[in-house]
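Computed from a predicted structure; not experimentally measured.
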Amino acid sequence: MRRAMNRRLRLLPLLALLALPPFQAAPAQDAAPQNAPAQNEQNQSAAKPAERSDSGFDAQRSETRHRLPLPSGPLAYTAVAEFLPLRDGPREEVAARVFTVTYTLDGAPRDQRPIAFVFNGGPGASSAYLHLGALGPKVVGFNDDGSLTRPPAPLLDNPDSWLAFADLVFVDPVGTGYSRGIRRDGGKDEGARRGEDPGKRFWSVDADSRAMAEIVRLWLTRNGRWESPKFLVGESYGGFRIAKMANRLIDDTGIAVNGLIMVSPVVDFATIRGGGGLLVPALRLPSYAASAAANGLVAGTPEQAAEAAERYAFTGYLTGLAGLDYRRPGAAQGFFAEVARVTGLPEELVTRFRGEIPTDVFARELLRGRGRVASVYDGTFTAADPDPSAARLPFDPFLKGTVPTYTTAFAAYAREWLGVRTEVPFDLLSDRVNRGWEWPRSGQPSAVDDLQAALTLQPALRVLIAHGRTDLITPYMASRWVASRLELPDGQADRVAVTVHEGGHMMYTRAPERAKLAADARALIEAALR
């Protein structure tokens, strides 16, 4: 899938997996540290001692109580951090320990309260981005324009937490966060002798969706929430994951979900990378134009530039690409000049790439004249060029900057607010998972058929797909194109909505967009329950 670090990590760049000592359970008396913020005195209720099942599995369950101050009044809630056992193989051995954090609103009717299961992407990403970025009761603070603040970033009360309208379960897939695979037969199996990660059995499209569907079933069973309305939330590859899960939950467990909320997803990989033919550059073009406008290289606002590029993408641009004669490039100079005008790129560069500009080249070259580079995750975020002589960037400046931001924030939050005690490194983004992921051997991965099946089998299912306008990795036009080709009965087109926000892949780092995303999610959940 990827040829080098910055090529492999196109959905989420990852950190190398570290050697992990055993996770230490939190002593009950230490669950509420003395330096917990004063405004959350409810956090001083002690965490419960570690619980062990009959099989000896250590859930390391920590339960704390909190209060989230909101203009409409405080929300009292309970947080539970724990591991769930993931069983695999003919003997149903525990094959992995999956770390989850659950938030439930105190006093709410359990059978009527919606529950949302939340995943990030990668593959190889923990759920911390959505957890501390958009949905949870706490969020990492960014600058007003959504850019990185100085470290350590502040942890703030989230006025737009989805806890206001749904209970939340954040899930770290195997190999991410604190979730880890367990060796079979005490580490004596063949895979152990080869040095293979014990979690690798879950690192494929099908195995991952099956495992995460099982975690949903297990959580519902242990918490007695089978009658609750159920929603799946996923960012980036997580959007692809939950589309697969929605169909698998029906097949494997008989569970129907009420809604899917996808944040900056890829639903069909053929729409964002090789294999999609001329469609791929056409779907990228509006995000290129919006990014160029945000940087003052194209006239109008990002929204205006994107709308103009949308019209051009499937008219003059697509026909221009299709009609190119590589033996007579001079005959297409007018076309190349127009593409340069729309994208803000030098005409010479557009000519050299015959009008089809790869995403990393766009980010590398857009601001070369200013000695800066743009992020492929948000074309409005720029940084000083770390190596002007390089043809391509060695790393993405925005996403790599978020790694210490979220890692530090979550490690502190888990200890001080959730009562988690461990010296294990929190693996926000696992390079080992990403490199070890097994993709289908033929064709581009797609969850379109799974999404179509879920919509067909669940006539009340609703889907929200939210994108950032200047996200170059998963451009919003790709999801619009997929959504337009889903078969829905007459009068039901509103069951699938695609919204576009200011900002990029993580548009929620901008507080106004985080609020809009929460409002859209609330509206979807309310509509799904009517």
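There is no side-chain donor-acceptor pair under 3.5 Å between T176 and D427. Side chains of H505 and Y129: no donor on one and acceptor on the other come within 3.5 Å. In summary, the side chains of T499 and H467 do not present any donor paired with an acceptor at a separation below 3.5 Å, with no hydrogens or angles considered.
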How far apart are the C-alpha atoms of R113 and S228, what are their side-chain angles, what is the distance that settles it, and do they pass the side-chain hydrogen bond (donor to acceptor under 3.5 Å, both in side chains) test?
-> CA-CA 6 Å; R113 177 81 171 159; S228 297; over 6 Å; no
side-chain hydrogen bond (donor to acceptor under 3.5 Å, both in side chains) evaluation trace for R217 with T253 = CA-CA 7 Å; R217 185 204 66 80; T253 64; over 6 Å; no
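Ring-plane geometry between F398 and F142 is classed as tilted, the angle between the planes lying from 30 to 60 degrees on a 0 to 90 degree scale. Taking the six-membered ring where tryptophan is involved, the planes of F99 and Y178 are perpendicular, since the angle between them exceeds 60° and thus also 30°. Between F269 and W439, the ring planes lie perpendicular to each other; the angle is over 60°, past the 30° to 60° tilted range.
Taking 4.0 Å as the cut-off between side-chain N and carboxylate O, R225 and D167 count as a salt-bridged pair. Under the 4.0 Å criterion applied to side-chain N and carboxylate O atoms, E438 and K200 are assigned as salt-bridge partners. Between R87 and E93 no salt bridge is recorded (no basic side-chain N to carboxylate O distance below 4.0 Å). Remark: D431 engages R435 in a salt bridge, criterion side-chain N to carboxylate O under 4.0 Å.
Annotation: side chain of V169 is not in contact with side chain of V118 (no heavy-atom distance under 4.5 Å).
The side-chain tip of R97 points at the ring of F83 from less than 6.0 angstrom away and within 45° of straight on.
A ring-ring contact (aromatic ring centres under 6.0 Å, His included) with H131 holds for exactly one of Y406, W417, Y103; it is Y103.
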